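On a predicted model such as this, the values are computed, not experimentally measured, just so you know. Along the sequence shown, residues are numbered consecutively beginning with 1.
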Amino acid sequence: MDAVAEVAGIAGDIAREYYGGNPETRTKSDGSPVSVADVNAERAAREWIELRFPEDGIIGEELPPVRPSAARRWILDPIDGTYTFLQSVPLWGTLVAVAEGETVIAGAAYFPALDEIIVGARGEGCWWNGSRASVSTVSELSEARLLTTDARFLRDEARRERWIRLQDSARTMRTWGDCYGYLLVATGRADIMVDDVISDWDGAAFMPIITEAGGAFTDWRGRATPFGGDAIATNAKLGAIVREILAPAGAMASAGAAS
């Protein structure tokens, strides 16, 4: 757990040096932006890992994979919420996870502009700025605080209809989600976070964070994995209710974007 926190701190502090400074940016092939801050932060994280764990694999958003078939892999997102980062909104974060096979054993999410860090590891709990974190105890959807990164679920009509039903049933719905939405669920300040599309590096760190905080993290098909291309994070009491709306029994929700 200490190692993932240290790597997140190293990369996040590099990214923070560019925050608010209009860093050089280009558009990737998928249409999303990447800045010099993203690349330099990920490079610093990789250098730390290579020195200490030279046999481990490294998979990151901005640089080519290294030893991707290794038994243990580090999964890096140097700046989750690059649009947010570039607009000087402080809800971006640096995400680091360690996985053995398909099992994520530890994850950290560092929010440099807010001076918050949350870390979780299997069997070791979830810790937010040094204190134990836990999800909320809200059990009624009508009292739930619902979050998402982008509510425009336009690419799939069935998903959009189910999302609207969930949105209309919740007490409140807010966006500017990205990684900060998952932190809010893990710390009990929100109850549900939903993303229609995520990549492996977006979700991996939050698998142990949410579950060790007492919540549930699944894809839209109800599988306990951050590698399904989409994500639903909830407290323990709302998980089944939310999944029944978004992916009702007998209906296969269309998969999220390939990672």
Which salt bridge (Lys or Arg N to Asp or Glu O under 4.0 Å) pairs, counting each pair once, include a residue from residues 93-118, with sequence neighbours left out?
Glu116-Arg189

Does anything in residues 94-144 form a ring-ring contact (aromatic ring centres under 6.0 Å, His included)? List the pairs, not counting sequence neighbours.
Phe111-Tyr180

Can you measure from CG (Leu141) to CG (Leu166) and round to the nearest 0.5 angstrom?
5.5 Å

Who pairs with Asp77 by salt bridge (Lys or Arg N to Asp or Glu O under 4.0 Å), at least two apart in sequence or on another chain?
none

With a 3.5 Å distance limit and no angle check, can you tell me whether Ser139 reaches the backbone of Thr137 through a side-chain donor-acceptor pair?
no

Output the rest of the hydrophobic cluster of Ile79: all Ile, Leu, Val, Met, Phe, Trp and Tyr residues reachable through side-chain heavy-atom contacts under 4.5 Å, sorted by chain and number.
Ile14, Tyr18, Tyr19, Val36, Phe85, Leu86, Trp92

According to side chain to side chain contact (heavy atoms under 4.5 Å, CB included), who are the partners of Thr149, at least two apart in sequence or on a separate chain?
Asp178, Met193, Asp195

Shortest non-hydrogen contact between Glu212 and Gly125, atoms and distance
OE1-N, 2.9 Å

Side chains of Tyr182 and Ile118: closer than 4.5 Å at any heavy-atom pair?
no

Heavy atoms, side chains only, cut-off 4.5 Å: are Pro226 and Phe217 in contact?
yes

Can you check whether Arg122 reaches Thr103 side chain to side chain, under 4.5 Å on heavy atoms?
yes

Could you measure the distance from the CD1 atom of Ile105 to the CE atom of Met207? Nearest 0.5 Å is fine.
13.5 Å

Would you list the atom pairs, donor with acceptor, under 3.5 Å between side chains in residues 233-247 and any protein atom, with sequence neighbours excluded?
residue, atom, partner, partner atom, Å
Thr234, OG1, Gly239, N, 3.3
Asn235, OD1, Lys237, N, 3.1
Asn235, OD1, Leu238, N, 2.8
Asn235, ND2, Ser136, O, 3.4
Asn235, ND2, Ser136, OG, 2.8
Asn235, ND2, Val138, O, 2.8

Rounded to the nearest 0.5 angstrom, the CD1-CG distance for Ile10 and Asp13 is 8.5 Å

Salt bridge (Lys or Arg N to Asp or Glu O under 4.0 Å) with Arg67: which residues, sequence neighbours excluded?
Glu50

Using 0.5 Å steps for rounding, measure from the OG1 atom of Thr82 to the CG atom of Asp38.
4.0 Å

Closest heavy-atom pair and its distance - Ala70, Gly57
CB-N, 3.4 Å

Do the non-hydrogen side-chain atoms of Asp150 and Asp196 ever get within less than 4.5 Å of each other?
no

Taking the side chain as every heavy atom from C-beta outward, state whether Arg221 and Asp230 have any pair of such atoms under 4.5 Å apart.
yes

List the residues meeting salt bridge (Lys or Arg N to Asp or Glu O under 4.0 Å) with Glu124, not counting sequence neighbours, and say none if there are none.
none

Report the distance from atom CH2 of Trp201 to atom SG of Cys179, rounding to the nearest 0.5 Å.
15.0 Å

Heavy-atom check, side chain of Glu61 versus side chain of Ser199, under 4.5 Å
no

Do the side chains of Leu63 and Ile58 get nearer than 4.5 Å, heavy atoms only?
no

Has Thr94 got a side-chain atom pairing as donor or acceptor with Pro78's backbone, closer than 3.5 angstrom?
yes

Side-chain donor or acceptor of Glu42 paired with backbone N/O of Glu62 under 3.5 Å
yes

If I compare all heavy atoms of Ala213 with all of Ala186, which pair ends up nearest, and what's the gap?
CB-O, 3.5 Å

According to salt bridge (Lys or Arg N to Asp or Glu O under 4.0 Å), who are the partners of Arg26, at least two apart in sequence or on a separate chain?
none

If only atom types and distance count, is the side chain of Arg46 paired as donor or acceptor with the main-chain N or O of Val66 below 3.5 Å?
no

With ring-ring contact (aromatic ring centres under 6.0 Å, His included) as the rule and sequence neighbours excluded, what pairs involving residues 32-65 come up?
Phe53-Trp74

Sequence neighbours excluded, which residues qualify as side chain to side chain contact (heavy atoms under 4.5 Å, CB included) partners of Ala97?
Ile75, Val104, Ala204, Ala205

Can you tell me how far the CD1 atom of Ile232 sits from the CZ atom of Arg223, to the nearest 0.5 Å?
11.5 Å

Under 3.5 Å, side-chain donor or acceptor atoms of residues 168-176 against the rest of the protein: list the pairs with distances, not counting sequence neighbours.
residue, atom, partner, partner atom, Å
Ser169, OG, Arg165, O, 2.8
Arg171, NH1, Glu143, OE1, 3.3

Do Leu183 and Ile209 have side chains that get closer than 4.5 Å, going by heavy atoms?
no

